[in-house]
K.L.:
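Below is the structure I would like to discuss, written out as structure tokens.
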Amino acid sequence: MSEFRFKFKFRFKFKFKFKTSLNPSESPMEGCHFNDMSDKETITCELAVIGTGMAGMAAALFAANRGISVVQVGNTGGIIFASGFLDLMGVHPIKEKKRWSDPWAAIDALTRDVPAHPYAHLKKEDIRAGVDEFLSFLEESGLPYHRRTNWNVEALTSIGTTKPTYCVPRTMWAGIKALEERSPCLIVDFHKLKGFSARQIRNTLGAEWPGLRTTRVAFPGFENLDELYAEQMARALDFSEETREKLAQAVRPHVKDARYVGMPAILGVYHSDNIAMALEKQIGVPIFEIPTLPPGVPGLRLREILEQQMPRRKVRLFSKKTVFKAEHQAGGFMLHIGNMAPEETVRAKRVILASGRFLGKGLRAGRKRIQEAIFDLSVFQPSDRKGWHCRNFLDPQGHPVNQVGLEIDDEFRPLNSTGDPAFRTLFAAGSILAHQDWMRMKCGSGLAIATAYRAVNACLKMDA
Ligand SMILES: Cc1cc2nc3c(=O)[nH]c(=O)nc-3n(C[C@H](O)[C@H](O)[C@H](O)COP(=O)(O)OP(=O)(O)OC[C@H]3O[C@@H](n4cnc5c(N)ncnc54)[C@H](O)[C@@H]3O)c2cc1C
């Protein structure tokens, strides 16, 4: 057994050890090689993945599943802000805010209307296969998701609105059913918890869901704190059976005629499914989680699972490092990576660039133009800065700056200004791709996973 130490801070600091079943024989170094004893700083691999957001993680997973030696570099991406919902395709056209219950029909309409959208470079079988492989991985890793294979569901948000999504953590599934049935339901919140109000949810939805009631209880063990945070509660539930029992005791008297109980997403970082099942037994009705405001626990769960599992799958993961410089050479790329400055070199035959947009730092906005930060690739963008934003901040169409990014060929290779692949063995995936506004289209994770799937398969076909 090996140990990871986690440090985390709220208003005060805890320090504890979390044991994983990482087998020493499954060294994360396997498949990746140091050049020789005198040149310890150069690591060679078949594929380097730049980015540890959803797209980078999915790419590393798919590559590892196919036996490719992978080095992955990045800082925590948008995953940590994610609600936990995996959107595939929910809204099109953006301007009309048209919601689709069939994501596959939405993708058909989208690729017809926006032929440059990254989904238009994909076959539907590939999108399905990528999503299926990613969901199987989550299930095997103890974070099962639920969906209706061909339909979107409407999911509750922390402010009581609903959004179309494709797939939710199993701990949120009962909420989908409660909302569909408009069953008698109790939403619980907690004294001193920031960013989640059961009453706000009832105020927003109460007219169409008369059986919705709310209650507020104290979270066991933290009664004397001035402020409570979801992550703090989740970690307490992970590690203390007593806290779980006391929470059930606090909620049970309020259930009465409710057929479901909803609460903020606090049911553990590492054992959410088991905690939900244990609470259900004690409370007597199905329990569901509702995402809190970001960053929240569901995003943290995804990050923790992915960061733990990558090394087990022999991915050499540098999760707190940056690629400072990339050089193209015969036979591949040299990436200079480090924390504050370049410290090591990765020599990779192929690279998948999944460095995100502005939040991820894959794109940089200068005074006049938007640049791709590592390779200085050609970026599709309005001809000048005045075109980045609409005059109306809330323009229903969204701002042109939300659709900037890399244009690609069908092998997911970024194109240069003359329309040819910038490099033969450089591929791109995720939100850095142009002609999509994942936030408004409700396609963030689906796009990240499906484009990563295609980029990895294209990569496999291409001789270095
Ligand atoms: C607030 C919020 C809510 C969201 N909610 C949902 C949701 O409800 N449903 C859904 O499906 N999706 C949601 N998402 C989207 C989803 O989580 C992903 O953010 C999105 O799909 C884009 O992922 P990405 O991997 O392309 O980019 P990012 O997540 O931005 O990751 C980019 C990665 O590249 C790395 N990087 C950049 N430059 C370098 C460099 N020079 N060297 C090394 N690494 C580098 C970054 O460190 C980071 O790891 C949400 C995202 C946010 C921000």
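Indexing begins at 1, ligand by ligand and atom by atom, following the structure's order.
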K.L.:
Do R147 and E139 meet the salt-bridge criterion of a basic N to acidic O distance under 4.0 Å?
P.N.:
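Salt bridge between E139 and R147, a charged N being under 4.0 Å from a carboxylate O: no.
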K.L.:
Give the atoms of ligand 1, by number and element, whose distance to some non-hydrogen atom of T52 is under 4.0 Å.
P.N.:
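What qualifies from ligand 1 is 33 (C), 48 (C), 49 (O).
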K.L.:
Please state which part of K163 comes within less than 4.0 Å of ligand 1, counting heavy atoms only: side chain, backbone, both or neither.
P.N.:
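Under 4.0 Å from ligand 1, K163 contributes side-chain atoms alone.
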K.L.:
Heavy atom to atom 51 (C) of ligand 1, shortest distance: which of F318, F358, F85, W438 holds it?
P.N.:
W438
K.L.:
Can you list the atoms of ligand 1 that are under 4.0 Å from a heavy atom of G356?
P.N.:
27 (O), 30 (O), 32 (C)
K.L.:
Is there a polar contact, in the sense of an N or O pair closer than 3.5 Å, between I432 and ligand 1?
P.N.:
no
K.L.:
How far does OH of Y229 sit from OG1 of T292, to the nearest 0.5 angstrom?
P.N.:
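Reported to 0.5 Å precision, the distance equals 12.0 Å.
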K.L.:
Check this for me - ligand 1, M54, N or O atoms closer than 3.5 angstrom, yes or no?
P.N.:
yes
K.L.:
In terms of heavy-atom contacts, does NZ of K320 have more than 12 from other residues, nucleotides or ligands at under 6.0 Å?
P.N.:
yes
K.L.:
Measure from atom 41 (N) of ligand 1 to every heavy atom in V323, L335, N75 and give the option owning the shortest one.
P.N.:
V323
K.L.:
Any atoms of ligand 1 less than 4.0 Å from a non-hydrogen atom of G430? List them with their elements.
P.N.:
26 (O)
K.L.:
With no hydrogens and no angle check, just 3.5 Å: does a side-chain donor-acceptor pair link S445 and D87?
P.N.:
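Distance-only check fails for S445 and D87.
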K.L.:
With nothing but distance in play, are any N or O atoms of D87 less than 3.5 Å from an N or O of ligand 1?
P.N.:
yes
K.L.:
Report, in ascending order of atom number, the atoms of ligand 1 lying under 4.0 Å from any heavy atom of V73.
P.N.:
43 (C), 44 (N)
K.L.:
Regarding atom 33 (C) of ligand 1: of the candidates G74, A354, A373, which has the closest heavy atom?
P.N.:
A354
K.L.:
Roughly how far, to the nearest 0.5 Å, is the NE2 atom of H117 from the CZ atom of R112?
P.N.:
14.0 Å
K.L.:
Nearest 0.5 Å, what's the CG-NZ distance between L447 and K442?
P.N.:
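Result: 14.0 Å between the selected atoms.
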K.L.:
Just heavy atoms, cut-off under 4.0 Å: does I337 contact ligand 1 by side chain, backbone, both, or neither?
P.N.:
neither
K.L.:
Counting only heavy atoms, which portion of L447 has something under 4.0 Å from ligand 1: side chain, backbone, both, or neither?
P.N.:
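The answer is neither.
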K.L.:
Look up atom NE2 in H399 and atom NE2 in H389, then write down how far apart they are to the nearest 0.5 Å.
P.N.:
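If I round to the nearest 0.5 Å, the distance is 6.0 Å.
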K.L.:
Measuring from the heavy atoms of M57, does anything fall under 4.0 Å of ligand 1?
P.N.:
no
K.L.:
Does the separation of the ring centres of F423 and H328 fall below 6.0 angstrom?
P.N.:
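Ring centres of H328 and F423 closer than 6.0 Å.
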K.L.:
Is the shortest N/O to N/O distance between F81 and ligand 1 below 3.5 Å?
P.N.:
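Checking ligand 1 against F81, no N or O pair falls under 3.5 Å apart.
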K.L.:
Any chance CZ of R182 has more than 12 other-residue heavy atoms, nucleotides or ligands included, within less than 6.0 Å?
P.N.:
yes
K.L.:
Would you check whether S431 has a nitrogen or oxygen atom less than 3.5 angstrom from a nitrogen or oxygen atom of ligand 1?
P.N.:
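Yes, since at least one N or O of S431 sits under 3.5 Å from an N or O of ligand 1.
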K.L.:
To the nearest 0.5 Å, what is the distance between CH2 (W438) and CG (L433)?
P.N.:
13.5 Å
